[in-house]
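See below for the structure under consideration.
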Amino acid sequence: MLDKTFDPKTAEPRLYEAWERSGGFAPVDDPNAEPFSIVIPPPNVTGSLHIGHALNNTLQDVLIRFERMRGKAALWLPGTDHAGIATQMVVERQLAEAGNRSRRDMGREEFVAKVWEWKAKSGGTIVNQLRRLGASCDWSRERFTLDEGLSNAVRKVFVTLYKQKLIYRDKRLVNWDPHFQTAISDLEVEQREVDGHYWHFAYPLEDGSGEIIVATTRPETMLADTAVAVHPKDQRYTAVIGKAVRLPIVNRPIPIIADEYPDPEKGSGAVKITPAHDFNDFQVGKRHNLPVINILDDFARLNDNAPPEYRGLDRFAARKKVIEQFEALGLLREVEKTRHTVPHGDRSGVVVEPYLTDQWYVAADVLAKPAIEAVEQGKTVFVPKNWEKTYFEWMRNIQPWCVSRQLWWGHRIPAWYGPDGKAFVEETEAEAKRQAEEHYGRPTDLKQDEDVLDTWFSSGLWPFSTLGWPEKTDDLARFYPTHTLITGFDIIFFWVARMMMQGLHFTGEVPFKRVFINALVRDATGAKMSKSKGNVMDPLEMVDDYGADALRFTLTAMSGQARDIKLSRQRIEGYRNFGTKLWTAPRSCQINGCARAAGFDPATVKAPLNRWIVGETTRTAQSVTAALAGCGFGDASETLYRFIWNQFCDWYVEFAKPLLTGADEAAKAETQATTAWALDVILKLLHPVMPFITEELWAQTADLGAPRAETGFLMTARFPELSSDLIDPAADAEIALLIAAITEGRSVRQELNVPASAQPALLVVETSDAQRRVLTENAPLVARLLRVSEVRFVEVAPEGSIPFVVEGATLALPVAEFIDIAAERARLTKEVASLAGDIAKTAGKLANPDFVARAPEEVVEENRERLADAEAAKAKLEGALARLGAAA
RNA sequence: GGGCGGCUAGCUCAGCUGGUUAGAGCACCUCGUUUACACCGAGGGGGUCGGGGGUUCGAAUCCCUCGCCGCCCA
C-alpha cells in the first residue's frame, strides 16, 4: 500500500539522480525520431536561482518532457553565461572583502586566473539549483560561453564580420560607465527620472553688445562648450548669428551658430553646444565642424583640458564649483527646478557619461534586415504574437552596436596592432603575426587589443555555438535550427534579436522556429521582486516547503500569456494539496482491487460509467496535447486539475465503488481494469508538469496487476494518444443525469437541514423512459452518494415530500419530519424566482421577431427548449409551494 | 511624446474567433470523521465584467471615447 502522503524531500533527489544516471535526459539515438531542441537562456554563472528562472525553466522542462514523451529526439541544452561585468564585479568584491590587492594592482593575468578559480568553485550553483526543480537538461552537453569551443566560434564570427566590414573601429561618443570604466551599449543604459535643476547662465557677447542666456542641467560641461546654437528662424537672435560669446571661466571665444536643433519655444531658445559630452551636441558639432574638447578622464574626473583649478575634481564637485563661479561672476540668471531623465549604468547604478573613445562597433542595421524578414515571413514566430511588434520596432530603428568593453573577464578581441597602430584582425595570434610580417616585410611585435567583447556578443551565438559550430557536427545538423526558445520579454533586444541576426548571418537559418515569451514574476501585491524591497520569493525555499511539483504546477498554471505573475504561498499550497489528492486516489483504487488487466482495450468497455471515464480521459488527453503543443501551459494545467480532481476523483472513483463492491463480477473486473488504465493515462498526462510525484506513483503502482507494456521510467514512456472514437455521448448523458440528480438532491438536503445521518428514500415521480432506466440501473450508486435508503418510483409525490427538478425529471425526498416549513418555502421561493428570471429573459428574446429571424436556428431552438424546461420546472415547484401553503 | 498590457466575486486570475443562468482557486458561512484523501468531503453567500457611447436580434467578448494602474521606447 502506498504511503499516506508523498514525501518530496526524500523522493525528489532520489528520483532526479536516477533519471540523470539513466541517461534519459539525452535525446534518443533513433535516427527516425523527429528532433526537438531547446537551448536554455544561459543564466549568469554568478547567478542563483530566482523565481524568474524557476518559471522560465519550468516551462522549458514541461515542454521538453512533453516532446520527449511524444517520441521526439528531445534535447534541452543547458549552460551558463560568463556575464562579463556581473562576474568581474562579484569577484572584485570578494577579493576586496578578503583584503586582497585590487584588480589593477593584481594585473590582468592574475585577476583572470582568480575569476576562473572562483568559477570552478562557485560557478555550478545555479546549475545544481536547476536540478532541484527537476529540469531534465542534457547535462552531458552543458556549455559555458567562455569554454574553448564557444570561444572559437566568437573569434570566427568577429573576424568574419570584420572582413565583411560589418565590424569596424570608430571614435564616437559612447555611454561610459565611470564606475567600471568601460563603455556599455545603449541597452545597458537605464533612463531614470530624477529631480534636477536648469541653471540659466549668461554668456557675454564678445563685442560687449550684450549677453545670451543658455540653460543646462549639467553646468560642468560648459567648460567644454565650443558653440552656442540658435534656431535660424528665431528672430530674436538673427542679428547675433556669426558673432561670438566669451565663455566665462574658460575665457574662450566661441561662435554663435544657426542650427535646427534648438527649440525656440524652450527656455531662451539658445543652447550651449558641448560636442564631447552630449549626444545631440555631438551631431551639431559634426554639422558645423566644431572642435570637440573632452574634459573628463575615465573616472569622470576633470582632466587637463579643464582650467587648472578644476583638474582632478570629480564631475559633481566641478558642477558645484562652476555654479559658484557663475554666481560670483554675476552671470547666474536663474535656477529652475525640473524633473528630467538621467542615464544610469544598469549594473553600476552610476550616472553614465557620453564619452569620446575608440570602440568596436557592429553594423547592426545590416544584420537586422534578414532578421526582420525572417519574422515577417513567419520563419520564426513569437508567442504571444504581439511581441513581434516590439521586436520589429527595435530592429527597424537599430543603432550600431558597441561591442567592446574595457573589462578583463570575457572574450578578448582578436585584433593585434602593429607599431603604427595598424590592426590585424585574425582568429589566432600566429595568423596575425604572419599577416603583419607580410605587411611590414619583416617579423614585427604586435600588441593585442586590451578590450573584451560584450557578453551578449557570445550569447548571440548560443543556439549554434553550443551545438559545435563552426565545426560541422552531427548535433548541429540534427538540432539546428532549434525549435522553441522560451525567455522573458526583458531580453528580446539584448538576446533574442542578436541571436536572430547572428544566427541568420552565419548559418543562413533562423536560430529557432518559435519564441515563447514568458511572463514576469512579481510578488503577491504586484511589485517587481527585488532584494532591496525584501520581497523576493526564493524558489528553493518553496521547493523545500511544498515540493518542486507544487511550485512547478503553480508557475505553469499561472503562466498565462504576457501577464505578470503574482505569486503567493497560498497558491503553491493549493497545488501541493492537488498533488496529495492525486497521491491518495490510487490508494482507494488499490483497496478495491484495481489493477491493470493484460490486453485491456478501453474501446471495449461496456459499463456506461467506464465508457464515460474513458471518454473524459480521451478528451483530457487531446486537450492537454493540443495545449502543450501550442505553449498553452496554463490551459494544460487547468484541464488536468479539473479532470483529475473534479471528474476522476470526485465522481468516477465514487461512482466506481458500488461496482467494485457489487456482485456483478464482470462489471467489477471491467471497472478495476478501467480504473488502472485511467490512472496510468493520468500519470502520463501530468508528468511534464509534475514529474516527481507522477514518476513515484508510476514506480509504486508498477506491480499492480499485469505488467505495463512500457518498462522503465514514466519520463520516457509514451504520451497518450487517444482516438475520439472512445468518446460515447450516450454514456456521457447517463452520467450527467446521475451527477445532476445527486447534486440537486444534496443541495435540497443541506438547504433544508436534513441531518446527514438521515436516510430517506429518493422518490422518482416523473421521468422519461430513458431516465427511468438509468436511475433504476444505478440505484445503488445514487443511494450511496445521496445517502438515501433506496430509489423508489411513485405515481405521485406523497404529502410533505420535497420535490426537485433535474433535466425535466421530477424527483422528491420524503423528509417532512425533518424540515422546517419556512425553510422549504424559502427554498422553493428562491428557486421559482430564479426560474422566473430565466423565463423572462428567454421569453423576451423569443418574443423579439428579429431574434427569431436572424439568430441561427440552433440558438433559437436552444432558447425554446430552455424556456419550456424552465416553465415546466417552475410550474412543478409552484405547485409544491401552493401545497406547502395549504398544509401550513 | 510613441507603443504595449491590464482594469471581471474580498484577493489572485480564467473566460474575450460575440449566443446556456459570467467560471475557478483562496478567503468567508453552514454541515459532515460515509471503508483514498481534514493537504478532505458536501452545501451556500458573494460580481450592474473600470465609466460613457456605438455596432448587432444578441456584447465581459467587436469599435470609439474617457478614466485610472503597470511596463517598454524616446
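Because the structure is a prediction, the values reported are computed rather than measured. Residue numbers start from 1 in every chain, and the chains themselves are labelled A, B, ... in the order their sequence lines are given, proteins ahead of strands.
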**Prompt:** Minimum heavy-atom separation for Val852(A) to Leu846(A), with atom names?
**Reply:** CG2-O, 3.3 Å

**Complete:** Comparing nearest nucleotides in RNA chain B, the 5'-proximal residue of the pair Gln191(A), Asn848(A) is Asn848(A)

**Complete:** Ranking Asn753(A) and Val189(A) by the position along RNA chain B of their nearest nucleotide, the one closer to 5' is Asn753(A)

For [X], which contact category applies under a 4.0 Å heavy-atom criterion: base, sugar-phosphate, or nothing?
X         : result
Cys649(A) : base
Lys4(A)   : sugar-phosphate
Glu654(A) : base
Thr390(A) : nothing
Pro856(A) : base
Arg642(A) : sugar-phosphate

**Request:** Grab the CD-P distance between Glu638(A) and rC26(B) for me, whole Å please.
**Result:** 13 Å

Side chain [X] and base [N] donor-acceptor under 3.5 Å:
X         : N       : answer
Lys389(A) : rC4(B)  : no
Gln750(A) : rA42(B) : yes
Arg576(A) : rC39(B) : yes

**Message:** Can you check the distance between rC11(B) and rU55(B), where both ends of the measurement are the C1' atom (answer in whole Å)?
**Reply:** 35 Å

**Request:** Establish, with yes or no, whether the OP1 or OP2 oxygen of rC40(B) is under 4.0 angstrom from a side-chain nitrogen or oxygen of Asn577(A).
**Result:** yes

**Asked** Counting just side-chain N and O atoms, does Trp651(A) come under 4.0 Å of either OP1 or OP2 of rG41(B)?
**Response** no

**Prompt:** Do the charged groups of Arg396(A) and Glu376(A) touch, with an N to O distance under 4.0 Å?
**Reply:** yes

**Request:** Answer yes or no: are there more than 12 heavy-atom neighbours, outside Tyr198(A) itself, under 6.0 Å from its atom OH?
**Result:** no

